[in-house]
Structures are given as structure tokens and as C-alpha cells.
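Here the structure comes first, spelled out in C-alpha cells, and everything after it is commentary.
Numbering of ligands and ligand atoms starts at 1, following listing order. Sequential numbering from 1 along the given sequence is applied to the chain's residues.
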Amino acid sequence: MYDVIIIGAGTAGLSAGIYVARSGKTALILEKKAYGGQIINTPKIENYPGIKDISGFEFATHLYEQVTQLSVEVKFEEAISIENHDDYKIVNTPISSYKCKSLIIATGAKNRMLGLPNESKFIGAGVSYCATCDGAFFRNKEVAVAGGGNTAVEDALFLSNYCSKVYIILRRDVFRADERDIKVLKEKTNVEIIYNSNITEIIGEDHVEGLKVTNTDGKTSFIKVQGLFIAIGHVPDNSVFKNLVNLDNNGYIIAGEDCQTNASGIFTAGDCRTKNVRQLTTAASDGAISALTACERINKI
Ligand code: NAP
């Protein structure tokens with residue numbers, strides 16, 4: 001029996017692991033893919049207090065090492081179902097079953113898709129959701145970035161270092177990103193910003209050859225690109241937990257700043273829960289809060 005099982009090894013889950021271990025409790029982190037979560041794809045973090053500048057990969061690796069050095073167990077197995085009992089919980093994976101006193105769900109969120117008919121077909125053939133991972137394949141080529149948030153702006157800046165031309169296509173006339181980065185983006189000579197527009201078709205046979213773009217007046221145009229980087233935010237992936245804890249209409253686990261769900265002994269941390277600000281700092285903060293609350297509950301049992 002573990003004291004706490006944490007599902008998800010992103011910033012929230014790994015931070016929770018640190019606080020559980022430092023409270024003298026045993027912890028198991030279950031992760032279905034790789035450690036780090038969304039931040040691993042961020043080229044540069046410049047807004048985490050105390051760290052002036054670090055890559056997402058380096059940040060996540062430091063965090064992972066910090067957790068494993070505290071003897072937190074990490075297993076790369078997907079949680080596929082949960083059994084909720086008053087005094088204990090069981091997490092089932094395809095390989096095994098694990099028992100704990102308290103559970104922390106920190107599963108983050110996955111990439112939102114544009115929802116275009118042939119979007120999935122072109123993944124790996126010009127469509128990507130990760131500029132850091134795939135940007136280098138588009139050296140000296142023309143690409144587009146979809147979105148107007150921090151991720152899209154950062155991706156466009158990153159790609160402008162490799163690509164001959166970068167279009168950034170956003171559906172409104174304003175960005176939803178940090179002013180400082182927008183200013184730098186606007187100064188780039190190989191970046192063209194296309195406001196008030198949606199990508200309505202990805203054109204190509206075996207790989208992306210261009211995009212049909214429709215502006216808010218209904219006018220369409222063709223943009224010749226070999227790559228499309230989609231950065232239009234994220235959606236939660238909480239379907240496994242829908243009968244366990246209350247979700248809101250968008251699929252986020254309902255919890256306040258105390259990270260407690262409606263189910264006794266089940267907590268949630270990071271981007272998978274209802275909240276207004278989804279940042280690295282708030283994910284780390286949730287990790288600490290959920291872990292300390294979970295440990296406090298165990299002490300009272
Ligand atoms: P986001 O802030 O939610 O922005 C999503 C962008 O995609 C917005 O421009 C949005 O347009 C657009 N969009 C959403 N759905 C769309 C659709 N179906 N079609 C076309 N456009 C669509 O997402 P994000 O940029 O991934 O950032 C997520 C969170 O992480 C944010 O809190 C962000 O600040 C944070 N973040 C921080 C950093 C950093 O600080 N270094 C880096 C990356 C991300 P509208 O504006 O019109 O809704």
C-alpha cells in the first residue's frame with residue numbers, strides 16, 4: 001500500500017511527488033508516456049520565478065531527477081481504471097494494480113486539434129503540434145503556425161530561426177500572449193502575421209503543400225507551406241475519471257484552490273482541473289497543495 005499514488009508526471013505530478021516524499025510518505029507516480037508533460041516541448045522558459053532562462057526539457061529533467069532522488073517510484077504505465085473505497089483506492093494499469101490511501105490526479109491536458117478533415121492524416125507529414133520537436137525538419141522551408149497564444153508565439157519565434165518564412169494565423173485581431181514576445185515577433189523580417197483568419201483546409205497529396213485560409217469577411221486565400229504547427233491550446237483527458245469525480249462541461253475535474261475533488265481522498269493538480277490560470281507556476285503550486293493536503297488527511301486516518 002502506497003500512501004499516495006499520483007497519476008501524471010508533468011510539472012504538477014512531479015511537484016506533488018517531491019512534497020509527498022518530503023512529508024515522509026511513500027509515493028508512486030504513474031505516467032503513460034514520458035515525464036515532463038506539456039512543458040517538455042517549450043523551447044525556452046523565462047517566467048518561472050528564480051530561473052532566468054531554461055529549456056522545457058532541461059526544466060522537466062531537473063524536476064524528474066529531483067523526484068527520483070527522493071526515492072519516489074515512477075512507473076511508466078497508464079492508469080486505465082480506479083476503484084474507490086473509503087479507506088483505500090486501487091489504480092489498475094494494463095500491467096498491474098496498485099493500492100494507495102490517497103490519490104492525486106495530475107494528468108494535464110492534450111493538444112487541441114483544429115478539427116479539419118485531413119488533419120490526422122498529415123500528422124508526421126507536415127502537421128505537427130510540437131515546434132521544438134519537429135522544427136528542424138523544416139529548415140529553409142515555409143511553414144505556418146495556427147494560434148495566437150503564448151505557445152503559438154513562442155513556436156513562431158522558434159521556427160523563424162530555422163525556416164525561410166513563418167506565417168502565424170490567428171482567428172482574432174489580437175494575440176493572447178505576452179506583449180514582450182509579440183513585440184519581438186513583429187520585428188522578425190521572415191514572419192507574417194495573418195489576423196482574423198481560420199485555416200479551413202490543409203492541401204496536399206502525401207504531405208502538406210499549402211493551406212486554404214478564410215478571413216472573417218469570408219475571403220479565402222491559398223498559402224504555400226510545407227509545414228503546419230498547430231498551437232491552439234489544450235483539452236483535458238479525464239475520461240477515465242468521469243465516474244469517479246465531478247467534471248465540468250469542458251471535461252476539467254472540478255476542484256478549488258485546495259485541489260480537493262468531490263470524492264474523499266482524491267485530489268487533483270495542474271491543468272486537468274478547473275482553474276483560471278494555467279501556468280508552470282500554478283501547476284507546481286497545485287502539486288504542493290494537493291500533496292500536503294493528501295498527507296494531512298492520511299495523518300488523520
Ligand atoms: P491558449 O492561451 O489557450 O491560446 C490558444 C490560442 O489558440 C488562442 O489564440 C485561441 O484563440 C486559439 N484557438 C483556440 N481554439 C482555436 C480554434 N479552434 N481555431 C483557431 N484558433 C483557436 O493556449 P496556449 O498558447 O497553448 O497556452 C496555454 C497556457 O499555457 C496559457 O495559460 C499560456 O499563457 C501558458 N503558456 C505559457 C508559456 C510561457 O509563459 N512561457 C508558454 C506557453 C504557454 P482566441 O484567443 O481567439 O481564443
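Look at Glu58 and Lys44 and you find no salt bridge, because none of the NZ, NE, NH1 or NH2 atoms lies under 4.0 Å from a carboxylate O.
Residues that satisfy the salt bridge (charged side-chain N to carboxylate O under 4.0 Å, His left out) test with Lys242, not counting sequence neighbours, are absent from this structure. Glu78 pairs by the side chain to side chain donor-acceptor pair (under 3.5 Å) definition with nothing, not counting sequence neighbours. Residues passing the side chain to side chain contact (heavy atoms under 4.5 Å, CB included) test with Glu73 are Tyr2, Leu28, Lys75, sequence neighbours excluded.
Between Lys183 and the options Lys186, Glu187, Glu179, Arg180, a side chain to side chain contact (heavy atoms under 4.5 Å, CB included) holds for only Glu187.
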Show the short N or O contacts, below 3.5 Å, that ligand 1 makes with protein N or O atoms; if there are none, say 'none'.
{"unit_1": "ligand 1", "atom_1": "9 (O)", "unit_2": "Gly148", "atom_2": "N", "d": "2.9"}
{"unit_1": "ligand 1", "atom_1": "9 (O)", "unit_2": "Gly149", "atom_2": "N", "d": "3.3"}
{"unit_1": "ligand 1", "atom_1": "11 (O)", "unit_2": "Arg171", "atom_2": "NE", "d": "3.3"}
{"unit_1": "ligand 1", "atom_1": "25 (O)", "unit_2": "Asn150", "atom_2": "N", "d": "3.2"}
{"unit_1": "ligand 1", "atom_1": "25 (O)", "unit_2": "Thr151", "atom_2": "N", "d": "3.0"}
{"unit_1": "ligand 1", "atom_1": "25 (O)", "unit_2": "Thr151", "atom_2": "OG1", "d": "3.1"}
{"unit_1": "ligand 1", "atom_1": "26 (O)", "unit_2": "Thr151", "atom_2": "OG1", "d": "2.8"}
{"unit_1": "ligand 1", "atom_1": "32 (O)", "unit_2": "Arg278", "atom_2": "O", "d": "2.9"}
{"unit_1": "ligand 1", "atom_1": "32 (O)", "unit_2": "Gln279", "atom_2": "NE2", "d": "3.2"}
{"unit_1": "ligand 1", "atom_1": "34 (O)", "unit_2": "Asn150", "atom_2": "ND2", "d": "2.8"}
{"unit_1": "ligand 1", "atom_1": "34 (O)", "unit_2": "Gln279", "atom_2": "NE2", "d": "2.8"}
{"unit_1": "ligand 1", "atom_1": "40 (O)", "unit_2": "Asn47", "atom_2": "ND2", "d": "2.4"}
{"unit_1": "ligand 1", "atom_1": "41 (N)", "unit_2": "Glu154", "atom_2": "OE2", "d": "2.7"}
{"unit_1": "ligand 1", "atom_1": "46 (O)", "unit_2": "Arg172", "atom_2": "NE", "d": "3.2"}
{"unit_1": "ligand 1", "atom_1": "46 (O)", "unit_2": "Arg172", "atom_2": "NH2", "d": "2.8"}
{"unit_1": "ligand 1", "atom_1": "46 (O)", "unit_2": "Arg176", "atom_2": "NE", "d": "2.9"}
{"unit_1": "ligand 1", "atom_1": "46 (O)", "unit_2": "Arg176", "atom_2": "NH2", "d": "3.2"}
{"unit_1": "ligand 1", "atom_1": "47 (O)", "unit_2": "Arg171", "atom_2": "NE", "d": "3.0"}
{"unit_1": "ligand 1", "atom_1": "47 (O)", "unit_2": "Arg172", "atom_2": "NE", "d": "2.8"}
{"unit_1": "ligand 1", "atom_1": "48 (O)", "unit_2": "Arg171", "atom_2": "NH2", "d": "3.0"}
{"unit_1": "ligand 1", "atom_1": "48 (O)", "unit_2": "Arg176", "atom_2": "NH2", "d": "2.6"}

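Side-chain contact between Tyr252 and Arg278: present, with at least one pair of heavy atoms (C-beta onward) separated by less than 4.5 Å.
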